[in-house]
Amino acid sequence: PGEGPVHDEL
Amino acid sequence: MNIFRLAGDMMHLFSIIVLLLKINATRSCRGVSLKTQELYAIVFVCRYLDLFTSFISLYNTTMKLIFLLSTFTIIYWMRFHKVIRVTYDREQDTFRYQFLILPCFLLALVLNNEFSAMEVLWTFSIYLEAVAILPQLVLLQRTNNIDNLTGNYVFLLGSYRALYILNWIYRFMTEPNYRQYLVWISGIVQTIVYIDFFYYYIRSWRNNEKLSLPA
């Protein structure tokens, strides 16, 4: 939490 | 990383290289929309804020930096380069992009996966990218003689979007918890925006004619 979702696409 | 994603990213990279080469070699940005380039700059800045917070891979970081740097280079040339700025179609490139930016931002405030500054800006960049090509397409429609490189630039950008859809289908079938509805819907909208252009691009290529879009 706090970090947010990680987006691995450009 | 699957083949569709890699091919999509490469198309995106090639599109930018084509544009840089064209402007640099001909010393002219005729037919290029500054508004679209500025929208892409906003898209990349808002989306790649995670350069500061998370590291995904060297590939990922490098590509992000290339997209940011190249877009800002193009904008700099079009606005400030002594020779190039004179060739900018200022009177034709009149799309009022504030009418794209504001609705996309409001939509991102309402429709997002997490209400945090980073995530709202990221979502905003997804929505804005879907429509960022519109000023460029309008400008192409107004330009009678679309040169090959500008046409190729838009075609490569469109191909990048189409390949991303194949990437999502592939990932959906191979990764158990892979779902991102907002990205998918925006991406499909973005690809639909190109369909008309694709039709005329392929037709002119098959008939060996110069590309022109009907008004």
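Reminder, nothing fancy here: chain letters follow the sequence lines and each chain counts from 1. All heavy atoms count here, side chains included; hydrogens, waters and symmetry mates do not.
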**Q** Is B:F55 close to chain A through its backbone or its side chain, or both, or neither, when contacts mean heavy atoms under 4.5 Å?
**A** neither
**Q** Would you call the rings of B:F198 and B:F155 parallel, tilted or perpendicular, where under 30° means parallel and over 60° means perpendicular?
**A**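 Rings of B:F198 and B:F155: perpendicular, over 60°.
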**Q** Is the closest side-chain donor-acceptor distance between B:Y160 and B:D9 under 3.5 Å?
**A** no
**Q** Can you confirm whether or not the ring centre of B:H12 sits under 6.0 Å from the ring centre of B:Y164?
**A**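 No; B:Y164 has its ring centre 6.0 Å or more from that of B:H12.
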**Q** Tell me, side chain or backbone of B:Y48 under 4.5 Å from chain A's heavy atoms, or both, or neither?
**A**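 When you check distances to chain A, only side chain atoms of B:Y48 fall under 4.5 Å.
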**Q** Should B:W205 and B:L211 count as side-chain neighbours, where that means a heavy-atom distance under 4.5 Å?
**A**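 No, their side chains stay 4.5 Å or more apart.
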**Q** Sort out for me which of B:R5, B:R47, B:M1 touches chain A most, counting heavy-atom pairs under 4.5 Å.
**A** B:R5
**Q** Which region of B:N60, side chain (C-beta onward) or backbone (N, CA, C, O), has a non-hydrogen atom less than 4.5 Å from a non-hydrogen atom of chain A, or is it both or neither?
**A**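 B:N60 touches chain A through backbone and side-chain heavy atoms alike.
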